[in-house]
Q: 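Let me give you the structure first, and then I'll get to my questions.
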Amino acid sequence: MDLLNRISELEGECLKAIAVATTAEALQEVDLKYLSKKGLFSECMKSLRDVSSEDRPKVGARANEAKTRIDAALTAKRNAFADEALNAQLQSEAIDATLPALRRPPGSTHLITKVMGELVRIFQRLGFEIADGPEVETEFHNFDALNMLDDHPARDMQDTFFVGGVDGKTAKATNQTGVVLRTHTSPVQIRTMLAKKEPPVRILAPGAVFRSDYDVTHSPMFHQLEGLYVNKKVSFAELKGCLLFFAREYFGPNTQIRMRPSFFPFVEPGAEIDVSCVMCSGKGCRVCKETGWLEILGGGMVHPSVFKAAGMDSRLVQGFAFGMGIERIAMLKYGVPDLRLLFENDPRFLKQFGI
Ligand code: DAH
């Protein structure tokens, strides 16, 4: 009955080893040492062959009993370790739901967006509708169709971003369509007329424009609002009335406007339009350089060449157009002293105008 003793001995050793194991790895070693194929318990079982057939069931039963106990002890200990590990993890990941939540300050509308909306709403009351055009534009829409011919200075590399680095002249010489970042919102006039074909056209085109110009008072990307009204009969007086309405709605009921003859290739006659200074009401101050006037708009009557390029017959239609820079208007309206504040996007600046 040596084998019975050996079984009891192994069982005792093994249960003890399980009891003192302090880690899952240590348990695994016990498992290997006693229960694996080459483990001590298996070795011992091999001797079962030598036991008389009479005793064999008894010894076999005892061996099974020992094995079952060891298995149970191992499983219990393993589960205990797993529970411990899980508890430790849960503890380390525990969150305190009573702590105050992190603040996420709400965003706010950018001043440019806000001013754009304010301007658009005024013109919408006169029946203007929003129109859109691409920021990457063909030279045809941006220049040619607007009567800005090849030798126009605005087409120079100095002002215009040519997409793909091909300037207008090279593009023509090599029979390519010149592509530019639009330098103004006026090409939307052309796109709208080409699409609509018939009067009336009454559109507003707000958006970003690009010029290769960067200093304290210029940003290479800025914003304009373009207006275009085309009908069978349209007069210069209507342009004036429209802009006076806008100026008074936006800058106050006592605002005056003045139109000075000026030149833009796409209008004839063309004018620069001033409003009485919003700071000093025309008395003269630093902002208006003592003149009492602020130049804020360009405008005029649509040039026959523009109608022609846009597929309309200038004998049958008339129109006026105007364009203004949003940054300048925003700075005047809200007393922003430096253009760069509009592009640095410091939340302390932005949130003052947010809704
Ligand atoms: N496109 C001109 C510019 O970028 C602004 C302008 C002037 C637009 C006169 C017009 C206009 O529609 O009639 O400087």
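Just so you know, these numbers come straight off a predicted model, no measurement behind them. Position 1 is the first residue of the sequence, and the numbers go up from there. Both ligands and their constituent atoms are indexed starting at 1 by order of listing. Values below: every heavy atom of this structure, side chains too, minus hydrogens, waters and symmetry copies.
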Q: Salt bridge check: are Glu29 and Lys33 linked by an N-O gap of less than 4.0 Å?
A: no
Q: When you measure from the side chain of Ser8 to the backbone of Leu4, do you find a donor-acceptor pair of N or O atoms at a distance under 3.5 Å?
A: yes
Q: For residues 241-265, which residue pairs pass the salt bridge (charged side-chain N to carboxylate O under 4.0 Å, His left out) check, not counting sequence neighbours?
A: Arg125-Glu249, Arg258-Asp274, Arg260-Glu272, Arg260-Asp274, Arg260-Glu295
Q: By side chain to side chain donor-acceptor pair (under 3.5 Å), which residues pair with Arg348, not counting sequence neighbours?
A: Asp346
Q: Are there any N/O pairs under 3.5 Å between ligand 1 and the protein, and if so, what are their distances?
A:
| from | atom 1 | to | atom 2 | distance (Å) |
| --- | --- | --- | --- | --- |
| ligand 1 | 1 (N) | His184 | ND1 | 2.9 |
| ligand 1 | 1 (N) | Ser186 | OG | 3.0 |
| ligand 1 | 4 (O) | Arg211 | NH2 | 2.8 |
| ligand 1 | 4 (O) | Gln224 | NE2 | 3.0 |
| ligand 1 | 12 (O) | Gln189 | NE2 | 3.3 |
| ligand 1 | 12 (O) | Glu226 | OE2 | 2.7 |
| ligand 1 | 12 (O) | Phe322 | N | 3.4 |
| ligand 1 | 12 (O) | Phe322 | O | 3.4 |
| ligand 1 | 13 (O) | Ala321 | O | 3.2 |

Q: With salt bridge (charged side-chain N to carboxylate O under 4.0 Å, His left out) as the rule and sequence neighbours excluded, what pairs involving residues 316-344 come up?
A: Asp338-Arg340
Q: When you check the gap from the basic side-chain N to the acidic O, do Arg155 and Glu139 get nearer than 4.0 Å?
A: yes
